Amino acid sequence: MLVDLRESWRIGPVEVPSRVVLAPMAGVSVQAFRRQGRRFGAGLVCSEMVSCAGLEHHNERTLGYLRVAGDEHPLAIQIFGSDPAVMGEAARMVEAAGADVVDINFGCPVRKVTKTGAGATLLDDPARACSIVDAVANAVAIPVSVKMRRGLENGSRACLEVGPQLVEAGAQTLTLHPRSARQMYTGTADHRLTTELVERVDVPVIASGDITSRAKAQAVLATTGAAAVMVGRAAQGNPWALREIVDGDDAPPSQEEVAAELILFVRETVRELGERRAGSFLKKFYGWYLGRGRFPKPFKQELVQLATTDEVVERLFAAAPGAAELVERLAAELPDPADELVLDSMPISIYGGG
Ligand SMILES: Cc1cc2nc3c(=O)[nH]c(=O)nc-3n(C[C@H](O)[C@H](O)[C@H](O)COP(=O)(O)O)c2cc1C
């Protein structure tokens, strides 16, 4: 049975207009990435994980993750931490920033996070995990979702035990990335667990892991009964993957289109992060956009070595002159950055955005 990927579904009161969700990815899911994801058909986009301790201490860089643009909605902002009260407070800030959903990270396998009792370790401590969800759900009016791995150790089925308890505690959607924390990104996502989780809870489940094509998305949705699929690595430097998955449009982008999207991405990211941070942040994206046989390999090397993003943009225009018209058209459709909703306490340096 073929599933309609353009069908809408709901997280509590929030309507999600397609069954494809753009994954939260640390070091990737900046506002420019999320806005582009929405343009290419993602029904919901997510921020990267934001430290609740950083929010509690009003750390300037952490607060910057709460910038929400008008064309991102619906948007989930993801928080991580281990203290229920601090997580509740962070959730209030997320709501005040304009997010439609607050997502809780119980999946991060990275030691820097797990050693603080946050991320995937919470799957080993269901009581604490539930108090976090309860504290967050009581702190905000927007719906709460949780993203988790299958468990800590290979073969673990912890998600099936913990998942229903999290729903009981107030989670209105669960995302499952069915790899263990130990696996990191090796092996494959075992979506048989997703099927089992769907059977055990009465809230929508989002299936995350190895969704790289429309065929894979259709197969996972049909076999698991999940409400939506989440796309992560396949969309890095490749928003066209989202279009293929959502609409079945598998026409490869022209060089002009690739250059235009990258130029817009560079400009928007510089506006968001400032030239210095954006300069190093963007380098990995050059390979992601220009690879896949779209441009000759040495071109990426050349871009990575340029000193400023202005030079990068100049080289891209020179390589694909037809991109200029496309960039102009795309830029004209973007909303005015002044419409962004930001917290009153947001430092001016972040508000300016560079
Ligand atoms: C670079 C990178 C950063 C990630 N950061 C986060 C994160 O901040 N929060 C989270 O819940 N998952 C994070 N993930 C996991 C993804 O959201 C997703 O579950 C995982 O990559 C599997 O999906 P994929 O096969 O489509 O990439 C990250 C993944 C990658 C590759």
Side-chain angles (χ1 to χ4, degrees), residues 11-12 14 21-31 33-34 44-68 72-110 112-123 125-126 128-149 162-163 166-167 169-177 181 206 208 230 232 341-343 345-346 350:
I11 300 179
V14 177
V21 178
L22 189 61
M25 287 185 282
V28 177
S29 300
V30 290
Q31 207 183 72
F33 183 76
R34 306 187 309 247
L44 176 71
V45 295
C46 303
S47 77
E48 67 179 80
M49 57 182 199
V50 183
S51 156
C52 74
L55 292 177
E56 184 190 17
H57 296 113
H58 285 236
N59 175 289
E60 184 168 334
R61 188 177 282 202
T62 315
L63 288 172
Y65 292 125
L66 300 189
R67 288 174 54 137
V68 174
E72 293 191 70
H73 299 286
L75 158 85
I77 291 184
Q78 186 186 71
I79 53 175
F80 73 96
S82 60
D83 182 305
V86 180
M87 286 288 273
E89 214 32 66
R92 277 202 192 96
M93 294 173 77
V94 163
E95 181 176 49
D100 303 284
V101 174
V102 57
D103 188 60
I104 303 175
N105 180 314
F106 290 161
C108 183
V110 176
K112 195 173 142 194
V113 170
T114 55
K115 74 176 184 203
T116 66
T121 34
L122 284 155
L123 295 172
D125 189 352
R128 180 173 283 267
C130 288
S131 349
I132 290 175
V133 172
D134 180 66
V136 168
N138 279 311
V140 295
I142 55 174
V144 178
S145 58
V146 172
K147 182 163 179 286
M148 60 184 172
R149 290 221 171 200
V162 183
L166 301 176
V167 171
Q172 292 191 55
T173 292
L174 299 177
T175 301
L176 179 63
H177 176 202
I206 303 171
S208 170
M230 180 175 270
L341 185 63
V342 285
L343 290 178
S345 60
M346 197 76 82
I350 284 182

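Residues: numbered from 1 along the sequence shown. Note that the structure is a prediction, hence the values are computed from the model and not measured.
- Using a 4.5 Å cut-off on side-chain heavy atoms (C-beta onward), Leu176 and Met148 make contact.
- At least one side-chain heavy atom of Phe33 sits less than 4.5 Å from a side-chain heavy atom of Leu22.
- The shortest distance between side-chain heavy atoms of His57 and Thr62 does not fall below 4.5 Å.
- Remark: Phe80 CZ to Ser51 OG distance equals 4.5 Å, nearest 0.5 Å.
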Exercise for the section: Under the side chain to side chain contact (heavy atoms under 4.5 Å, CB included) rule, what do Thr175 and Ser145 come out as? Steps first, then yes or no, please. Expected result: CA-CA 8 Å; Thr175 301; Ser145 58; 5.7 Å; no
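- Residues Pro24 and Met230 have side chains in contact (heavy-atom distance under 4.5 Å, counting atoms from C-beta outward).
- Considering all non-hydrogen atoms of both residues, Gly117 and Leu122 come closest at O-CG, 3.4 Å.
- In terms of the salt bridge (charged side-chain N to carboxylate O under 4.0 Å, His left out) criterion, Arg149 has no residue partners (sequence neighbours excluded).
- Between Arg92 and Glu95 there is no salt bridge, since none of the side-chain N atoms of the basic residue sits less than 4.0 Å from a carboxylate O of the acidic one.
- Counting all heavy atoms, side chain and backbone alike, Cys130 lies closest to Ala169 at O-CB, 3.6 Å.
- Contact detail for Val102 and Ala91: the closest heavy-atom pair is CG2-CB, 4.2 Å.
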Exercise for the section: Go through the steps for Asp83 and Glu56 under the test side chain to side chain contact (heavy atoms under 4.5 Å, CB included), then give the verdict. Expected result: CA-CA 11 Å; Asp83 182 305; Glu56 184 190 17; over 6 Å; no
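- When each of Val68, Ile142, Asp100 is tested with Ile77 by the rule side chain to side chain contact (heavy atoms under 4.5 Å, CB included), just one qualifies, namely Val68.
- Each of Val30, Val94, Val50 was evaluated against Tyr65; a single residue qualifies, Val50, per the side chain to side chain contact (heavy atoms under 4.5 Å, CB included) test.
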Exercise for the section: Before giving the answer on side chain to side chain contact (heavy atoms under 4.5 Å, CB included), spell out for Val144 and Val101 the whole-Å C-alpha distance, their side-chain angles and the decisive distance to 0.1 Å. Expected result: CA-CA 6 Å; Val144 178; Val101 174; over 6 Å; no
Handout entry: Verdict with reasoning, Leu44 to Ile11, per side chain to side chain contact (heavy atoms under 4.5 Å, CB included)
Key = CA-CA 10 Å; Leu44 176 71; Ile11 300 179; 3.8 Å; yes
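- Between Glu72 and Arg67 there is no side-chain heavy-atom pair separated by less than 4.5 Å.
- For Ser82 against Thr116, the heavy-atom pair with the smallest separation is OG-O, 3.2 Å.
- The CG atom of Leu166 lies 8.0 Å from the CD1 atom of Ile104; values are rounded to the nearest 0.5 Å.
- Under the 4.5 Å side-chain criterion, counting only non-hydrogen atoms from C-beta, Phe106 is in contact with Val133.
- For Glu48, the salt bridge (charged side-chain N to carboxylate O under 4.0 Å, His left out) test picks out no residue, with sequence neighbours left out.
- Taking all atoms of both residues into account, the shortest heavy-atom contact from Val146 to Asp103 is N-OD1, 3.5 Å.
- Here the CD1-CD1 distance, from Ile132 to Ile79, works out to 9.0 Å after rounding to the nearest 0.5 Å.
- Heavy atoms only, all atoms of each residue included: Thr114 and Ala120 are closest at CG2-N, 4.3 Å.
- With rounding to the nearest 0.5 Å, the separation of CG in Leu174 from CD1 in Ile206 is 9.0 Å.
- Between the side chain of Ser47 and the backbone N or O of Gln78 there is at least one donor-acceptor pair closer than 3.5 Å.
- In this structure, Ser29 contributes its side chain and Arg34 its backbone to no donor-acceptor pair below 3.5 Å.
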